[in-house]
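Scroll down for the structure; my scribbles are underneath it.
Both ligands and their constituent atoms are indexed starting at 1 by order of listing. Values below: every heavy atom of this structure, side chains too, minus hydrogens, waters and symmetry copies. The chain is numbered in sequence order, starting from 1. Given the structure is predicted, the values throughout are model-derived calculations rather than measurements.
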Amino acid sequence: MNKETIQAEPFKIKMVEPIRLIPRSEREARIEEADYNVFGLKPEDVYIDLLTDSGTSAMSDRQWAGLMMGDESYAGSRNFDHLQQTIKELMGFKYVVPTHQGRPAENILTAALIKPGQKVPGNTHFDSTMAHILQKKGVPVNLPIPEAMKTDIYHPFKGNVDIKKLESFLEKEKGNTSFFLMTVTNNTGGGQPVSMGNIRKVREITSKYGIPFFFDAARFAENAYFIKEREEGYADKSIREIVWEMMSYADGCTMSAKKDGLVNMGGFICMNDEGLYEQCCEMLILLEGFITYGGLSGRDLEALAIGLQEVVEEDYLRYRIEQVRYLGSRLMDAGIPIINPTGGHAVYVDAKAFLPHIPQSQFPGQVTAVELYIEAGVRSSEIGAVAFARKDEETGEVVYPELELTRLAIPRRVYTNRHMDVVAEGLERVSRRKESVRGLKITWEPDVLRHFMAKFARL
Ligand SMILES: *Cc1c(COP(=O)(O)O)cnc(C)c1O
């Protein structure tokens with residue numbers, strides 16, 4: 001890697017979208033009107049939007065040019081050929097099934113593979129993946145390494161699966177296991193990478209027990225960059241070589257291209273097994289559309305084909321990972337507790353440690369998101385008690401998630417490091433007045449996925 005010179009963003013800006021910081025008194029009014037739920041804010045009232053890295057990427061001039069090359073033929077679009085060729089050269093899988101985003105890919109693959117009652121082990125399943133497994137009457141099983149849950153200790157590959165646990169799990173459940181799913185990077189665990197060594201071990205064990213091995217590849221390129229940077233033997237390999245090796249161990253993948261596809265909408269499924277491909281095509285036609293467009297326009301397929309080539313460029317990935325790291329190190333320097341090390345796509349503030357005087361029942365993760373908006377116009381999201389607390393059906397008691405986090409997800413190629421300074425300085429100002437910050441209570445909530453719609457009031 002070229003460490004000789006100071007590196008700035010590896011692009012110049014050709015088109016701009018104005019953003020505006022509304023006055024503090026207005027921010028206070030807007031968040032109150034939104035019932036202290038950042039999902040209720042209007043984008044024009046947000047200065048820097050770190051709600052999600054999904055579908056929020058800036059496309060390149062080449063991708064925009066690609067949109068003009070859309071072949072909107074119902075069957076056999078040349079853009080699909082381009083996408084298929086690109087994926088084959090990058091990942092090496094035989095078959096490509098296009099979908100309009102990640103979850104239809106999950107829906108189709110889980111429907112094809114899971115028989116009722118079967119287990120689906122993984123490092124940590126993403127929430128939509130878990131929902132699709134449960135909907136097919138499967139049982140999602142998370143087997144992360146123990147370090148994954150410790151926010152303050154360094155481990156280079158916190159996304160790894162616990163190999164010993166996996167082996168004893170399969171020894172017991174091999175007859176009752178559908179497939180293994182490895183999420184790269186591990187989104188739920190903080191965007192943490194998985195090592196090549198871990199992937200190789202998973203291949204050995206799943207082969208031994210005859211279990212198919214798939215990737216949830218939403219952030220495959222970011223994962224590859226971490227392998228290059230941190231794993232012995234990979235420093236001199238190209239990102240493409242690393243991606244190729246990662247994928248060579250798997251039987252296929254699902255992909256939300258709204259992340260490392262560098263597009264605003266798109267996804268796909270890959271596999272080597274012809275029978276599985278045919279099964280998936282049948283469902284695709286039923287749910288998404290013909291096998292050469294799968295719910296996308298020809299122009300979208302073209303932008304995705306180009307995005308997949310750009311996302312494995314090392315200059316881009318260096319900027320990407322370094323920007324996340326830059327924000328993380330600014331926060332750590334200011335004494336703000338975060339998941340360490342930072343992962344690929346977001347910085348996660350440990351809200352329990354940040355606001356220790358606010359109990360988890362008063363939603364410190366949500367409070368941090370609200371205060372950061374008031375302080376700096378920055379939108380983040382809660383990943384803690386609001387999203388994940390559950391009532392125990394037997395005792396009626398509320399069970400709180402282990403981690404109480406506020407996620408600062410960084411869109412790809414959208415912001416400069418000066419924007420990151422504004423975010424860090426905003427949180428520093430919250431930190432200086434944090435003793436006076438109060439908790440929240442829920443005044444209304446829907447039955448499912450309450451974090452999107454819940455209403456809050458200040459205590
Ligand atoms: C976003 C995401 C999904 C779901 O993809 P959508 O495009 O939002 O439907 C699945 N898995 C992971 C790891 C994700 O980050």
Side-chain angles (χ1 to χ4, degrees), residues 39 50-57 83 97-111 113 120-136 138 140 142 144 148 158-161 179-194 199 213-224 226 246-247 250 252-270 283-284 287-288 294-296 300-301 303-304 307-308 311 320 324 343-348 381 383 387-388 405 407-412 449 451-452:
F39 282 96
L50 307 187
L51 187 67
T52 177
D53 68 318
S54 177
T56 51
S57 301
L83 176 64
V97 178
T99 61
H100 82 271
Q101 61 184 92
R103 66 199 75 175
E106 296 174 335
N107 187 21
I108 291 169
L109 187 75
T110 54
L113 291 178
V120 183
N123 46 351
T124 311
H125 298 301
F126 182 64
D127 54 9
S128 67
T129 320
M130 200 166 95
H132 280 294
I133 294 168
L134 290 169
Q135 195 215 15
K136 312 304 178 302
N142 294 331
K158 277 187 178 173
N160 282 358
V161 69
F179 67 106
F180 179 90
L181 188 72
M182 177 77 98
T183 304
V184 288
T185 57
N186 191 357
N187 186 357
T188 311
Q192 299 291 324
V194 177
I199 294 168
F213 168 19
F214 281 77
F215 278 113
D216 176 342
R219 297 177 182 83
F220 72 96
E222 291 170 6
N223 199 87
F226 282 113
M246 281 168 62
M247 297 297 162
C253 71
T254 58
M255 174 78 187
S256 168
K258 299 172 73 169
K259 287 54 172 262
D260 271 355
L262 294 177
V263 289
N264 305 114
M265 196 54 74
F268 53 84
I269 319 168
C270 294
M283 266 182 288
L284 187 80
L287 296 170
E288 293 275 282
L296 292 166
D300 292 335
L301 296 166
L304 174 53
L308 287 171
V311 80
R320 168 71 178 157
V324 175
H345 66 288
V347 176
Y348 294 73
S381 67
I383 303 202
F388 293 123
L405 307 168
R407 183 181 78 170
L408 306 161
I410 303 180
R412 293 168 181 77
L449 294 174
H451 49 293
F452 293 115

Problem - Location of contacts on Lys258 toward ligand 1, heavy atoms closer than 4.0 Å - result: side chain

Practice task
Using distance alone, with no hydrogens and no angle criterion, decide if His100 and Asp300 have a side-chain donor and acceptor under 3.5 Å apart.
Solution key: no

Problem - Aromatic plane relationship, Phe213 with Phe215 - under 30° parallel, 30 to 60° tilted, over 60° perpendicular - result: tilted

Exercise for the section: Please confirm whether Ser128 comes within less than 3.5 Å of ligand 1 when only nitrogen or oxygen atoms on both sides are compared. Expected result: no

Completion exercise
When distances are taken from atom 8 (O) of ligand 1, the protein heavy atom at minimum range is Arg103 NH2, 2.9 Å

Handout entry: Atom CE of Met283: over 12 foreign heavy atoms under 6.0 Å
Key = yes

Fill in the blank from the handout: shortest atom 10 (C) of ligand 1-to-protein heavy-atom contact is with Glu106 OE2, 3.1 Å

Exercise for the section: Specify whether Phe452 and Phe39 have parallel, tilted or perpendicular ring planes, treating 30° as the upper limit for parallel and 60° as the lower limit for perpendicular. Expected result: perpendicular

Fill in the blank from the handout: the protein heavy atom lying closest to atom 11 (N) of ligand 1 turns out to be Asp216 OD2, 2.7 Å

Exercise for the section: Measure the shortest side-chain to side-chain distance between Gln135 and Thr110 over non-hydrogen atoms and say whether it is less than 4.5 angstrom. Expected result: no

Fill in the blank from the handout: Nearest non-hydrogen contact to atom 5 (O) of ligand 1 from the set Ala257, Ser256, Gly267 belongs to Ser256

Exercise for the section: Looking only at distances, please establish whether an N/O atom of ligand 1 is found under 3.5 Å from an N/O atom of Asn187. Expected result: yes

Practice task
Give yes if a backbone or side-chain nitrogen or oxygen of Gly102 is under 3.5 Å from a nitrogen or oxygen of ligand 1, and no if not.
Solution key: yes

Exercise for the section: Assess Lys136 against Phe179: is NZ or CZ under 6.0 Å from the centre of the six-membered ring, and within 45 degrees of the ring's axis? Expected result: no

Handout entry: Geometric N/O contact Ser54 with ligand 1, under 3.5 angstrom
Key = no

Exercise for the section: Decide whether an N or O pair under 3.5 Å exists between Lys259 and ligand 1. Expected result: yes

